[in-house]
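Heads up: the structure comes next, in C-alpha cells.
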Amino acid sequence: MKRAVLSSVVEAVGQTPLVDLSRITKGLKGRIFAKLEYLNPGFSKKDRFARQAIEDAEAQGLLKPGQTVVELTSGNTGTGLAIVCGVKGYPFVAVMSKGNSVERARMMRALGAEVVLVDQLPGSVRGRVSGGDLELVEKKTAHIVKKRRAFRADQFELESNFRAHYLHTGPEIISQAKGRLDAFCDFAGTGGTFAGCAAAFKKYDGKILCYLVEPKGAAVLAGKKVTRPGHRIQGGGYSKANLKFLRNKDIDGFIQVNDGEAIMCARRLAREEGIFGGFSSGANLAAALKLIKGPCRGKTICIVICDSGLKYLSTDLFK
Ligand SMILES: Cc1ncc(COP(=O)(O)O)c(C=O)c1O
C-alpha cells in the first residue's frame, strides 16, 4: 500500500495496475492481463531498475555521495536514472544512439541529465537501433565512465536489474492476479524483466510457462540467424546471444513477432483498451495473442506494457 504522502517521487515507482484486456480477448478462449508499467514516474518499467540499481549501489557502498552515474540507454533506463539521480543528488550522464526517438533525449535533459548522442553505423536507419549501433554506444559509455570515474548503472550486468523484477514486478503480478496465472511472455532487451518475473513465477508455481519474445529476423536467443537486425521494436531485440540474466531453465519457449504485428497490437491496445503503450508493448500483446490462439488456449497470460506511446509521437506508430 502506498503512503498518502511520499517522501519523493522515487517511492512512486512500482505498484502499477494489472488490467484484464477483456475487450481484446472477446471471443477468444483465455485471458490476457497487462501490467501497466507506463504509469511509473518516467513512463516506463525501467524506473524499477533505476531505483533498484541506485539503492543497491548505495547499500553496497559502490556509489559515493555526489559521484557521477553513467549508463547507455534507449531512453527509458536513462529517464528512470535521471529521475532517481536527480532526486538523490547524483549527476547523471545518459549515452544514447541517435537511432532512438527524440522525445527520449528531450525528456532526460528536462529531468537534469546530460545526454550524449552517438551516431549510428553508416547505413543504419533512424528509429531502428541494431546490435552494431549499440556496440558504438557501449564504447562511448565505457570511455565516459573511465574519464569521469563514474558509477556505471549497467543494466546488462548489474544484478539489480534482475532483482527489480524478481522482488517487485513478479510478486506484484502474482498478488494482483490472485494466483490465476498460467503463462507470461516478454520482449527481451537485457532480459532483466523476463528473467526476474520468470524466476518469481516459477518459485510461486513451477507450472507457469514463460516465453521469450524476439523480433522476427533477429531471434538469436531462439538460436536463429539474424536476417533483419534493423527491426522497429525499440528497447530490445539487439541480437545479443549471451544475455547474463537469461537462464535456460526458466525459458519454456520462444515467440517471434514482426514489426507490423507489434505496431498493429500497440494500436489495438490504444483504441480498444485505452492503453497507450509503445512498440514493445505491442510486441508483447502480439506474442500473447499467438499463445492464446495456440498452446495457451483457455489460459491466463500476463504481459507488461513496457512504456508510454507518448515516447513515440515523433514516429508513425500512432499516425
Ligand atoms: C520500451 C522497452 N521495451 C522493452 C525493453 C526490454 O526490457 P528488458 O531490458 O528488461 O529485457 C526495454 C528496455 O530498455 C524498453 O525500454
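Counting starts at 1 for both ligands and their atoms, in listed order.
At least one N or O atom of K46 sits closer than 3.5 Å to an N or O atom of ligand 1. Any N or O atom pair closer than 3.5 Å counts here, and D186 shares no such pair with ligand 1. Distances between N or O atoms of T193 and those of ligand 1 include at least one value under 3.5 Å. The shortest N/O to N/O separation between F194 and ligand 1 does not fall below 3.5 Å. At under 3.5 Å, a nitrogen or oxygen of G189, whether backbone or side chain, sits near a nitrogen or oxygen of ligand 1. Any N or O atom pair closer than 3.5 Å counts here, and K45 shares at least one such pair with ligand 1. Among the atoms of H165, none of the N or O lies under 3.5 angstrom from an N or O of ligand 1.
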Steps toward ring pair (Phe, Tyr, Trp, His ring centres under 6.0 Å) verdict (F201, F184): CA-CA 9 Å; F201 295 154; F184 169 64; 5.2 Å; yes
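The contact set between ligand 1 and D307, taken as ligand atoms under 4.0 Å from a residue heavy atom, comprises 1 (C). Listed by atom number, the atoms of ligand 1 under 4.0 Å from A188 heavy atoms are 11 (O). Of all atoms in ligand 1, listed by their number and element, those nearer than 4.0 Å to a heavy atom of Y312 are 1 (C). Those atoms of ligand 1 that come under 4.0 Å of a heavy atom in S280, given as number and element, are 1 (C), 2 (C), 3 (N), 4 (C).
In N242, the CG atom is not crowded: 12 or fewer heavy atoms of neighbouring residues, nucleotides or ligands sit closer than 6.0 Å. Crowding of K202 atom NZ: a count of heavy atoms from other residues, nucleotides or ligands under 6.0 Å exceeding 12. Heavy atoms from other residues, nucleotides or ligands lying under 6.0 Å from CZ of R267 number more than 12. More than 12 heavy atoms of other shown residues, nucleotides or ligands fall within 6.0 angstrom of atom CZ in R180.
Closest to atom 5 (C) of ligand 1 among all protein heavy atoms lies G235 O, 3.1 Å. Of the protein's heavy atoms, N76 ND2, 2.8 Å lies nearest to atom 16 (O) of ligand 1.
Formation of a donor-acceptor pair under 3.5 Å by the N284 side chain with backbone atoms of V304 is found in this model. The backbone N or O of L221 lies less than 3.5 Å from a partner atom in the side chain of E214, making a donor-acceptor pair.
With F156 as the aromatic partner, K240 meets the cation-pi criteria of under 6.0 angstrom to the ring centre and within 45 degrees of the ring axis.
Using a 4.0 Å cutoff on heavy atoms, G278 does not count as a contact of ligand 1. Under the 4.0 angstrom criterion for non-hydrogen atoms, G191 is in contact with ligand 1.
The heavy atom nearest to atom 9 (O) of ligand 1, out of those in L243, T77, T190, I233, is found in T190.
Hydrophobic clustering (ILVMFWY, side-chain heavy atoms < 4.5 Å, transitive): I173 and Y211 are in distinct clusters.
Residues forming a ring pair (Phe, Tyr, Trp, His ring centres under 6.0 Å) with F92 (at least two apart in sequence, or on another chain): none.
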